[in-house]
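Quick caveat, the model's predicted, so the values are computed rather than measured.
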Amino acid sequence: MISNIIAAVVVLGVLGAVFGLVLAVASKVFEVKKDPREEAILSHLAGANCGGCGYPGCAGCAAAILAGNAPVNACAPAGAENAAAIAAIMGQEAPSGERQVAFVRCNGGINAKKRFDYVGVKDCMAATKVAAGPLECAFGCLGFGSCVAACQFGAMSIGPNGSAVVDPDKCTNCMACANACPRRLIVSVPASKKVHVACANQDKGKAAMSVCANACIGCGLCQKECKKDAVHVVNGVAVIDYDKCVGCKLCTKVCPRDAILPIATAEEKEKYKEIKKKQAEKAAAAKKAAEEAAAAAK
């Protein structure tokens with residue numbers, strides 16, 4: 001009996017050794033060589049696995065960069081310094097350009113009219129599934145915070161007026177918030193720029209006006225007032241060309257709907273009207289003087 005037990009143990013031991021040897025050989029034969037640069041790239045990524053880059057986590061992003069399918073600065077939260085380090089690993093030049101941050105193209109919130117009171121899961125996508133959402137404005141921020149939940153860096157919040165806002169100091173421009181927004185209201189803008197159109201409504205003037213007190217109505221006053229040709233009405237809504245914008249804020253002072261941030265105060269608007277009035281009077285006086293002089297010379 002004992003001899004049978006010993007024999008069984010020996011057989012099992014031999015089989016274990018044989019199978020172990022087979023597995024060891026197989027692991028060497030079928031070993032997938034991993035490029036050491038992938039781990040080096042991964043060490044320079046943010047590690048938040050936020051998905052803002054469009055790849056499945058930081059490991060997926062590192063693999064995409066190594067394969068040449070993603071740029072070296074694909075991980076926005078990693079910042080310029082890490083992007084430069086990744087570029088060095090890949091044998092490329094460090095990318096240049098101004099830091100970008102997210103911006104929500106809506107300032108409606110409580111100023112936007114509701115079709116009904118939504119009672120359900122506090123999620124923007126879920127809200128859109130109920131009769132296309134509770135807002136009259138088909139372009140407005142729903143305010144249920146899907147973008148806030150998606151942000152891994154505490155840069156998103158729902159502002160006092162009920163619309164989502166971005167803290168540019170905390171924003172890494174990962175754009176996970178943009179991916180979570182069913183209305184596609186969140187865009188990337190240069191961090192140094194402070195003047196933004198906070199509306200995405202493409203309806204014509206009267207229709208836009210009827211659904212939100214802050215909706216851009218495409219009147220073109222901002223376009224006419226801008227001295228740098230930096231504002232244009234496109235598809236019924238004002239759009240800023242950040243390459244041309246110098247931040248003079250003249251557009252904010254003539255916008256009748258407060259659709260351009262930072263919103264000018266009533267005092268600022270009144271003061272600017274007085275300046276424009278005096279300029280017009282001065283120009284009219286100069287024209288009249290020139291006409292009188294021309295008449296006298298005849």
| query | Is any side-chain N of the basic residue among Lys129 and Asp123 closer than 4.0 Å to the acidic one's carboxylate O? | reply | no
| request: Give, for atom CG of Leu261 and atom CZ of Phe103, the distance between the pair rounded to the nearest 0.5 Å. | output: 5.0 Å
| When you measure from the side chain of Arg115 to the backbone N and O of Ala132, does any donor-acceptor pair fall under 3.5 Å? | no
| How long is the span from the CD1 atom in Ile263 to the NZ atom in Lys249, to the nearest 0.5 Å? | 12.5 Å
| remark: All heavy atoms of Leu45 vs all of Cys61, minimum pair found to be CD1-CB, 4.1 Å
| remark: All heavy atoms of Cys147 vs all of Met156, minimum pair found to be SG-CE, 3.4 Å
| message | Does Lys244 have more than 12 heavy atoms from other residues, nucleotides or ligands lying within 6.0 Å of its NZ? | response | yes
| request: For the pair Glu292 (side chain) and Ala289 (backbone), establish whether a donor and an acceptor sit closer than 3.5 Å, ignoring hydrogens and angles. | output: no
| query | Is a donor on one side and an acceptor on the other found under 3.5 Å between the side chain of Asp167 and the backbone of Gly154? | reply | no
| field | Neighbour count >12 (heavy atoms, 6.0 Å) for atom CD, Glu81 | value | no
| field | Other residues, nucleotides, ligands: >12 heavy atoms within 6.0 Å of Lys206 NZ | value | no
| request: Report the distance from atom CD of Glu268 to atom OG1 of Thr265, rounding to the nearest 0.5 Å. | output: 3.5 Å
| field | Residue Gln279 excluded, over 12 heavy atoms near CD under 6.0 Å | value | yes
| field | Lys269 atom NZ, over 12 foreign heavy atoms within 6.0 Å | value | yes
| field | Stepwise salt bridge (Lys or Arg N to Asp or Glu O under 4.0 Å) check, Lys276 with Glu225 | value | CA-CA 11 Å; Lys276 295 292 291 182; Glu225 194 66 22; 3.1 Å; yes
| request: Work out which heavy atom in Lys193 is nearest to a heavy atom in Glu98; give both atom names and the distance. | output: N-OE2, 4.4 Å
| Side-chain donor or acceptor of Asn49 paired with backbone N/O of Cys58 under 3.5 Å | yes
| query | Within the side chain of Ser146, is there an N or O that forms a donor-acceptor pair under 3.5 Å with the backbone of Cys124? | reply | yes
| said: Ignoring hydrogens, what is the shortest heavy-atom contact between Ala87 and Glu93? Give both atom names and the distance. | reply: CB-O, 3.6 Å
| field | CG on Leu66 to CD1 on Ile89, rounded to 0.5 Å | value | 10.0 Å
| field | Cys212 versus Arg257, closest heavy-atom pair with distance | value | O-NH2, 2.7 Å
| query | Honestly curious: do Val246 and Val195 fall in one hydrophobic cluster under the side-chain, below-4.5 Å linking rule? | reply | no
| field | Glu136 and Ser210 side chains, donor-acceptor separation under 3.5 Å | value | no
| query | What's the shortest heavy-atom distance between Ala259 and Ala215, and which atoms? | reply | CB-C, 4.4 Å
| Straight-line distance of Phe153 CZ to Cys50 SG, nearest 0.5 Å | 5.0 Å
| field | Ile158 CD1 to Ser163 OG distance, which is reported to the nearest 0.5 Å | value | 7.5 Å
| message | Between Arg105 and His196 (side chain of the first, backbone of the second, donor and acceptor by atom type, cut-off under 3.5 Å), is there such a pair? | response | no
| message | Treating Lys113 as the side-chain partner and Ile110 as the backbone partner, does any N or O pair qualify as donor plus acceptor under 3.5 Å? | response | no
